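Heads up: the structure comes next, in structure tokens.
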Amino acid sequence: MQSIKSYINDNKDRFLNELIDLLKIPSISADSAYKSDVLKTADAIKISLEKAGCDHVEICKTEGYPIVYGEKIIDKNLPTILVYGHYDVQPPDPLDLWNSPPFDPIIQKTELHPEGAIFARGACDDKGQMYMHVKAMEYMTTNNELPCNVKFMIEGEEEVGSVNLAKFVKANREKLVNDVILISDTGMIAPDVPSITTGLRGLSYVEVEVTGPNRDLHSGLYGGAVANPINVLTKMIASLHDENNHITIPGFYDKVEELSHAERAEMAKAPFSLDAYKKSLDIDAVYGEAGYSTNERNSIRPTLDVNGIWGGYTGEGAKTVIASKAYAKISMRLVPHQEWEEITELFKTHFESIAPKGVTVKVTPHHGGQGYVTPIDSLGYKAASKAYEQTFGKTPIPQRSGGSIPIVSLFEEELKSKTILMGFGLDSDAIHSPNEHFGVWNYLKGIETIPWFYKYFTELSK
């Protein structure tokens, strides 16, 4: 396994060029206009897995976008690692905030990435991190270093809720049987501070619609006499938090786990500079639920945020109109034990109840998923820790993430195996935002570290 550094160095340019080619394809699952590009990406992943050494690769059709499945079974008596990732990406909007075209990848040096970072939509989430596993597989098969069996399940709908993946998993339990699930769709604290994500927040995502009069009205003739849906919607949204930024939906916190002072003290040991955090975001103060630190607010506490709001006239110039309708998209990040479907229903009931007379409210649930916590005493976690120690020279820190991978809890429920989250991105990589990027060093370090996980997991499983 010591030859892996040489292999990466010899193939560095090819590894980067292959990823760049993949990033050029706009596989936006949320927009049907890009259907052919999403399907093209699935074909590209299939070819990559075949070249990496999988003995069997297939594109599995679903009611939506396909799942690319691949495997290499060398001995049924050996452990099996199931690698999960996704090839779809978020929409790149707003385009005018990108410094370079989102699907025309470029490599630029930054303060945090002096060796360069790849700027493109999907660079870190999740094409770059998913492709690390493909290249790690290539190294292991080319050099006869694969110590166990491997299966790949790469989907095209993670960014829209993984509805069809859930159906696929339930219908293919035997096909997907494994000893551990390995995912790289998270991050680490810093290049010199490796960490393993041990917790994910759940998600409830809804869209709300407020309707007032039966048509748009002249704001002079009707202003002040009828309810303005945009005014009403903003007041309703504002009421969802109190003066302490505590969510006001009845029952919302009933199942929220309060971590002990000892656990919070352990979390606080992770390196964190509030000044650097504010500087990186160009803000002069942080904001959030009273009584909790920044790192607690974005990981162990539930949240409610407006992701989009619109209505009325938004074009150039003026149009004095009271819109008939107003809309908003709202996401709630949940912590373990909060049931996302229950929270969605609580939101719906509450939001409808606070609507004033003169308007009607419609709440449309979109998708969601459960939170997840993985134990740090499992074989998978121990193997991951040893792998990071091997390549980083230090023990990784267990860290809870504020993000969501809704399918992870389903994996444990249906496949009865633990998930290990080995992420190599940074919080500053701007996933879901303009100028998303992924460090070249991080990409290559992931390829270097992943084979060690295979080695140590196999050894610990004996």
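As the structure is a computational prediction, the values presented were derived from the model and not from experiment.
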Look at the side chain of [X] and the backbone N and O of [Y], then say whether any donor-acceptor pair between them is shorter than 3.5 Å.
X	Y	result
Lys394	Asp192	yes
Asp125	His432	no
Arg333	Thr303	no
Asp75	Asn77	yes
Glu436	Gly122	yes
Asp88	Glu159	yes
Thr391	Thr449	no
Asn244	Ala290	no
Asp55	Ile73	no
Ser385	Lys382	no

Quick one: [atom1] on [X] to [atom2] on [Y], what's the gap to the nearest 0.5 Å?
X	Y	atom1	atom2	value
Glu412	Ser417	CD	OG	7.5 Å
Leu22	Asn17	CG	CG	12.5 Å
Glu158	Ser404	CD	OG	9.0 Å
Gln370	Leu203	CD	CG	10.5 Å
Ser299	Arg400	OG	CZ	7.5 Å
Met132	Phe15	CE	CZ	12.5 Å

For the residue pair [X] and [Y], what are the closest heavy atoms and their distance?
X	Y	result
Val83	Val150	CG2-CG2, 4.2 Å
Pro451	Ile4	CG-CD1, 3.3 Å
Met188	Gly423	CB-O, 3.8 Å
Asn11	Arg14	OD1-NH2, 3.0 Å
Arg297	Arg201	O-NH1, 3.2 Å
Ser239	Thr248	O-OG1, 2.7 Å

Within the 4.5 Å heavy-atom criterion, are [X] and [Y] side-chain neighbours or not?
X	Y	result
Leu379	Ser461	yes
Phe168	Met153	yes
Leu274	Val286	yes
Val193	Ile397	yes
Phe152	Cys54	yes
Pro114	Lys109	no
Phe457	Asp179	yes
Lys151	Ile81	no

Checklist entry - Could Glu448 and Lys445 be called an ion pair, given the rule that one side-chain N must be under 4.0 Å from one carboxylate O? => result yes
Item to check | Audit row: Leu240, Phe351, side chain to side chain contact (heavy atoms under 4.5 Å, CB included) steps and yes/no | outcome: CA-CA 9 Å; Leu240 295 175; Phe351 205 72; 4.1 Å; yes
Item to check | Check: Glu138/Tyr7 side-chain N/O donor and acceptor closer than 3.5 Å | outcome: yes
Next on the checklist: Can you confirm whether the side chains of Ser48 and Glu18 place a donor and an acceptor under 3.5 Å from each other?
Outcome noted: no
Checklist entry - Could Lys418 and Tyr381 be counted as a cation-pi pair, given that NZ or CZ must be under 6.0 Å from the ring centre and within 45° of the axis? => result no
Next on the checklist: If you apply the rule side-chain hydrogen bond (donor to acceptor under 3.5 Å, both in side chains), what do you find for Ser3 with Tyr139, and how did you get there?
Outcome noted: CA-CA 9 Å; Ser3 65; Tyr139 163 77; 3.0 Å; yes
Please determine whether the number of non-hydrogen atoms from other residues, nucleotides or ligands lying under 6.0 Å from atom [atom1] of [X] exceeds 12.
X	atom1	value
Lys175	NZ	yes
Ile59	CD1	yes
Asp427	CG	no
Lys51	NZ	no

Next on the checklist: Name the residue from Tyr388, Tyr131, Phe438 that meets the ring-ring contact (aromatic ring centres under 6.0 Å, His included) definition with Phe424.
Outcome noted: Tyr388
Checklist entry - Which one of Leu200, Ile407, Leu82, Ile181 satisfies the side-chain contact (heavy atoms from CB on, under 4.5 Å) criterion with Thr419? => result Ile181
Checklist entry - Can you check side chain to side chain contact (heavy atoms under 4.5 Å, CB included) on Glu341 and Thr344, steps first, answer last? => result CA-CA 5 Å; Glu341 290 172 320; Thr344 301; 5.5 Å; no
Checklist entry - Phe411 and Tyr84: aromatic ring centres closer than 6.0 Å? => result yes
Item to check | Aromatic plane relationship, His437 with Phe119 - under 30° parallel, 30 to 60° tilted, over 60° perpendicular | outcome: parallel
Item to check | Residue among Lys386, Gln390, Glu389 satisfying side chain to side chain donor-acceptor pair (under 3.5 Å) with Tyr456 | outcome: Gln390
Checklist outcome for this item: Only residue of Glu296, Glu258, His246 satisfying side chain to side chain donor-acceptor pair (under 3.5 Å) with Arg301 is Glu258
Next on the checklist: Does Tyr277 form a side chain to side chain contact (heavy atoms under 4.5 Å, CB included) with Thr294? I'd like the steps, not just the answer.
Outcome noted: CA-CA 10 Å; Tyr277 183 84; Thr294 296; 3.8 Å; yes
Item to check | Intermediate values then yes/no, side chain to side chain contact (heavy atoms under 4.5 Å, CB included), Glu342 and Asp254 | outcome: CA-CA 11 Å; Glu342 180 181 345; Asp254 285 357; 5.9 Å; no
